[in-house]
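Below is one structure, written out as structure tokens; comments come after it.
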Amino acid sequence: MLTDKEYKDLSIKEFTKAAKIYDSNHAGIYEMCKDDYPFVAEELKNIEFDNLLDVGCGTGPMIELFVQEFPNKEYTGLDLTPKMIEVASQKNLPQTTFIVGDSENLPFEDESFDVITCTNSFHHYPNPQVFFNEVRRVLKKDGYLVLRDYTSNNFMIWLMNHIEMPLSHLLGHGDVKIHSCKEVHEMCQKAGLQVQKVESQKNFRLHLVARKENVTV
């Protein structure tokens, strides 16, 4: 098993290379990630918000979509890979800031955001519970988390975690673990996030909507 630093170093190395092609029409495996953006945008139609943080934003393609569909909002994109942020910043999106940062140590004050989104980045986090704790900390009262990632049934998750993940490390990918809906639900509850929706959808997708409860944890 790799250390936290080794996982993160692998992810940075992987996505430094991916940044060069991420916005192109030949992004390979990363092209599938873009299919999730409309599902997140659909959830935002039901949420009143003034500002939004996208964790694991990459080169900012999902925020580009948000800027078009939800103008006059403030957006912040955070990613662990400096090259991703460099490419994203060159887009000069209105009312948008891109910064390098760690999902497990969000560089923001308490209660900073109305909404946090996270798409196809969660399985790269060595300490997922810490991420959910940080989400709760920086969300405003009644703020929302919308997260999409990979999942499946227990057998397929076992195969992905015990067969696919070790192979992906040999290929230079920083994937850590695929989680079940039950695991994600439990981590949200432990962090003090009220799960409004968590389900396994087609194409091995986990879809989560959670709200910050106004309670002390």
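These values consider heavy atoms only, across backbone and side chains, with no hydrogens, waters or symmetry-generated copies.
Across all their heavy atoms, T151 and S200 have their closest contact at CG2-OG, 3.7 Å. In plain terms, the two heavy atoms of V195 and C188 that are nearest each other are CG2-CB, 3.6 Å. Closest approach of A18 to M84, counting heavy atoms only: CB-CE, 4.2 Å. The minimum heavy-atom distance between V115 and F49, with the atom names listed, is CG2-CB, 3.6 Å. Summarising the geometry of G77 relative to C57, their closest heavy-atom pair is C-SG, 3.5 Å, with the distance given to 0.1 Å.
Both Y75 and V40 belong to a single network of hydrophobic side chains, linked directly or stepwise wherever heavy atoms of I, L, V, M, F, W or Y lie under 4.5 Å apart. Using a 4.5 Å cut-off between side-chain heavy atoms of Ile, Leu, Val, Met, Phe, Trp and Tyr, with links allowed through other members, L139 and L44 fall into different hydrophobic clusters. Y144 and Y37 fall within a single hydrophobic cluster, where Ile, Leu, Val, Met, Phe, Trp and Tyr side chains are chained together by heavy-atom contacts under 4.5 Å. In terms of hydrophobic clustering, with Ile, Leu, Val, Met, Phe, Trp and Tyr side chains grouped at heavy-atom distances under 4.5 Å, F113 and V55 are assigned to a common cluster. I85 and F66 fall within a single hydrophobic cluster, where Ile, Leu, Val, Met, Phe, Trp and Tyr are joined by side-chain heavy atoms under 4.5 Å apart, directly or via other members.
Two rings, from Y150 and H179, have their centers 6.0 Å or more apart. Checked against a 6.0 Å centroid threshold, the rings of F132 and F122 count as neighbours. Proximity of the aromatic rings of F15 and H173 is defined here by a centroid distance below 6.0 angstrom, and this criterion is not met.
Between the CD atom in Q194 and the CD atom in Q196 there is a gap of 5.5 Å [rounded to 0.5 Å]. Rounding to the nearest 0.5 angstrom, the gap separating the CZ atom in F131 from the NE2 atom in H124 is 13.0 Å. Rounding to the nearest 0.5 Å places CG of L147 at 9.0 Å from CG of N120. Here the CD1-NE2 distance, from I157 to H162, works out to 11.5 Å after rounding to the nearest 0.5 Å. Taking CD1 from I63 and CZ from F70, the interatomic distance works out to 13.0 Å, rounded to the nearest 0.5 Å. The CD1 atom of I47 sits 11.5 Å away from atom CG of D142, with the distance rounded to the nearest 0.5 Å.
Within the structure, salt bridge (Lys or Arg N to Asp or Glu O under 4.0 Å) contacts touching residues 103-117 (residues at least two apart or in different chains) are K8-E104, D110-R137, E111-K212, D114-K140. Among pairs with a residue in residues 51-68, those fulfilling side chain to side chain donor-acceptor pair (under 3.5 Å) read D23-T59, D54-T117, E64-K91, at least two apart in sequence or across chains. For residues 67-85, every residue pair satisfying the salt bridge (Lys or Arg N to Asp or Glu O under 4.0 Å) rule, not counting sequence neighbours, is listed here: K83-E86.
Under the 3.5 Å distance criterion, the side-chain polar atoms of Q189 are left unmatched by any main-chain donor or acceptor of E186. Of the possible polar contacts, none joining the E199 side chain to the H207 backbone as a donor-acceptor pair under 3.5 Å is found. Checked by atom type and distance alone, the side chain of S180 pairs as donor or acceptor with a backbone atom of E183 at under 3.5 Å. Side chain of N153 to backbone of M156: a donor-acceptor contact under 3.5 angstrom is found. In this structure, E14 contributes its side chain and G174 its backbone to a donor-acceptor pair below 3.5 Å. A donor-acceptor contact shorter than 3.5 Å is absent between the side chain of H185 and the backbone of C181. Looking at Y7, its side chain never comes within 3.5 Å of a backbone N or O of D175 through a donor-acceptor pair.
Residues L2 and L10 are in side-chain contact: their nearest non-hydrogen atoms beyond the backbone lie under 4.5 Å apart. Looking at heavy atoms from C-beta onward, I116 lies out of side-chain contact with L52 at the 4.5 angstrom threshold. Put simply, the side chain of L78 reaches to within 4.5 Å of the side chain of P107, judged on heavy atoms. Considering only heavy atoms from C-beta on, V176 stays 4.5 Å or farther from P128 through its side chain. Looking at heavy atoms from C-beta onward, L145 lies in side-chain contact with L208 at the 4.5 angstrom threshold.
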E134 and S103: CA distance, side-chain angles, deciding distance, side chain to side chain contact (heavy atoms under 4.5 Å, CB included) verdict: CA-CA 8 Å; E134 281 289 273; S103 64; over 6 Å; no
Residue pair F204, I178: steps toward the side chain to side chain contact (heavy atoms under 4.5 Å, CB included) verdict: CA-CA 10 Å; F204 301 101; I178 302 300; over 6 Å; no
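With respect to the salt-bridge test (charged N to carboxylate O, under 4.0 angstrom), the residues D149 and R205 do not qualify.
Side chains of S121 and Y125: a donor on one and an acceptor on the other come within 3.5 Å. With hydrogens and angles left out, the side-chain atoms of D35 and N203 include no donor and acceptor closer than 3.5 Å.
Scored by the salt bridge (charged side-chain N to carboxylate O under 4.0 Å, His left out) test, E42 finds K45 as partners (sequence neighbours excluded). For K197, the salt bridge (charged side-chain N to carboxylate O under 4.0 Å, His left out) partners are E43, not counting sequence neighbours.
By the 6.0 Å and 45° rule, R148 stacks over the aromatic ring of F39.
The hydrophobic cluster containing I12, built from Ile/Leu/Val/Met/Phe/Trp/Tyr side-chain heavy atoms closer than 4.5 Å, also comprises L80.
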